[in-house]
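First up is the structure itself, then whatever we jot down about it.
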Amino acid sequence: GAGVSQSPSNKVTEKGKDVELRCDPISGHTALYWYRQSLGQGLEFLIYFQGNSAPDKSGLPSDRFSAERTGGSVSTLTIQRTQQEDSAVYLCASSSTKLNEQFFGPGTRLTVL
Amino acid sequence: GNSVTQMEGPVTLSEEAFLTINCTYTATGYPSLFWYVQYPGEGLQLLLKATKADDKGSNKGFEATYRKETTSFHLEKGSVQVSDSAVYFCALSSGNEKLTFGTGTRLTIIP
């Protein structure tokens with residue numbers, strides 16, 4: 001597609017359930033990033049992929065959070081045993097090695113009840 | 001580590017007023033600097049960028065100059081419009097790595 005896509009656009013879940021969020025980057029972009037946007041914390045970096053490997057996982061807030069990327073394309077962010085403080089908009093971005101610019105998807109709004 | 005300090009909002013201006021949103025940064029090495037904009041109900045979009053000292057980024061009438069001596073990247077526009085109402089984020093990155101964002105400034109333009 002023309003841009004970064006994310007699914008679902010909205011997810012409501014109960015505390016303690018696991019959720020999976022998906023990101024489809026722009027075709028050909030080797031770098032992929034996950035960020036979180038919440039009212040109290042602003043925009044926070046979570047994890048960065050170069051190809052299928054993740055050289056920087058420093059932003060993952062706990063071991064309940066994990067992410068993978070397969071085929072150098074689609075990425076999935078998984079949150080296990082969700083907590084209310086996980087409620088936020090999760091943003092995915094991708095970039096090419098030639099352009100120092102990240103393109104963002106529309107985000108997934110996660111609400112944990 | 002890297003950090004970005006951005007002018008707190010919200011900012012409310014009348015149409016055709018002059019806009020400045022201050023941004024200063026702390027970084028190792030020579031980062032690239034960005035302004036992103038988030039219009040109501042939309043995703044983050046790159047507004048402009050500068051990759052080295054004294055570069056000026058510009059787009060849609062907005063400008064920002066990379067000032068290494070003052071570690072600043074202030075956003076300016078000479079005459080704002082109602083359609084400029086949005087949240088503006090200053091950000092930096094070192095190489096092809098993560099963006100570090102400021103807290104965002106909500107701008108509202110009154111007709």
Side-chain angles (χ1 to χ4, degrees), chain A residues 1-7 9-10 23-26 28-51 53-61 67 75 88-109, chain B residues 1-10 21 23 25-53 55 57-59 62 64 66 73 86-106:
Chain A
V4 178
S5 60
Q6 293 185 245
S7 61
S9 55
N10 278 286
C23 172
D24 278 277
I26 293 172
H29 279 191
T30 57
L32 185 147
Y33 309 79
W34 284 97
Y35 296 87
R36 178 168 73 173
Q37 185 174 23
S38 55
L39 275 176
Q41 301 298 323
L43 273 158
E44 305 172 276
F45 165 78
L46 297 178
I47 186 169
Y48 155 56
F49 287 92
Q50 184 60 247
S53 56
D56 189 352
K57 305 179 184 180
S58 63
L60 294 178
S75 176
V89 177
Y90 289 82
L91 297 171
C92 176
S94 70
S95 70
S96 69
T97 52
K98 293 185 179 180
L99 270 181
N100 184 13
E101 177 181 333
Q102 295 182 25
F103 295 83
F104 282 80
T108 294
R109 181 175 297 278
Chain B
N2 294 344
S3 68
V4 176
T5 302
Q6 183 176 344
M7 180 170 144
E8 294 279 337
I21 301 178
C23 172
Y25 67 90
T26 302
T28 53
Y30 302 96
S32 295
L33 302 175
F34 306 85
W35 278 99
Y36 278 83
V37 59
Q38 191 169 35
Y39 297 104
E42 298 185 17
L44 270 174
Q45 302 174 26
L46 179 67
L47 179 60
L48 53 85
K49 68 177 183 181
T51 57
K52 62 183 187 297
D55 267 4
S58 61
N59 186 24
F62 290 88
Y66 189 142
F73 193 55
V87 181
Y88 292 80
F89 294 91
C90 185
L92 68 82
S93 75
S94 299
N96 195 22
E97 296 179 2
K98 64 185 179 185
L99 286 164
T100 299
F101 288 92
T103 52
T105 301
R106 182 175 298 278

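Remember, it's a predicted structure, so these values are computed and weren't measured experimentally. Chain letters run A, B, ... following the sequence lines, proteins first and then strands; every chain starts at 1.
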Working to the nearest 0.5 angstrom, can you tell me the gap between A:S95 OG and B:L46 CG?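 With rounding to 0.5 Å, OG (A:S95) is 11.5 Å from CG (B:L46).
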How long is the straight-line distance from NZ of B:K98 back to CD1 of A:I47, given to the nearest 0.5 Å?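 Atom-to-atom, A:I47:CD1 and B:K98:NZ are 11.5 Å apart.
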A:L91 versus chain B, the contacting section by heavy-atom distance below 4.5 Å: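 Side chain only.
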Measuring heavy-atom distances to chain B, does A:Q37 have an atom under 4.5 Å in its side chain, in its backbone, in both, or in neither?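 Side chain of A:Q37 only, per the 4.5 Å heavy-atom cut-off to chain B.
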Out of A:F45, A:Y33, A:Y35, which one pairs with B:F101 under the ring pair (Phe, Tyr, Trp, His ring centres under 6.0 Å) rule?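 The residue from A:F45, A:Y33, A:Y35 that satisfies ring pair (Phe, Tyr, Trp, His ring centres under 6.0 Å) with B:F101 turns out to be A:Y35.
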Go through B:L44 and A:L43 one step at a time and tell me if the side-chain contact (heavy atoms from CB on, under 4.5 Å) criterion holds. CA-CA 11 Å; B:L44 270 174; A:L43 273 158; 3.9 Å; yes
Report which part of B:Q38 has an atom under 4.5 Å of a heavy atom belonging to chain A: side chain, backbone, both, or neither.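 Contact with chain A involves the side chain of B:Q38 alone.
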Minimal non-hydrogen separation, A:Q102 against B:E97, with atom names: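 Distance-wise, the nearest heavy atoms are NE2-O, 3.1 Å.
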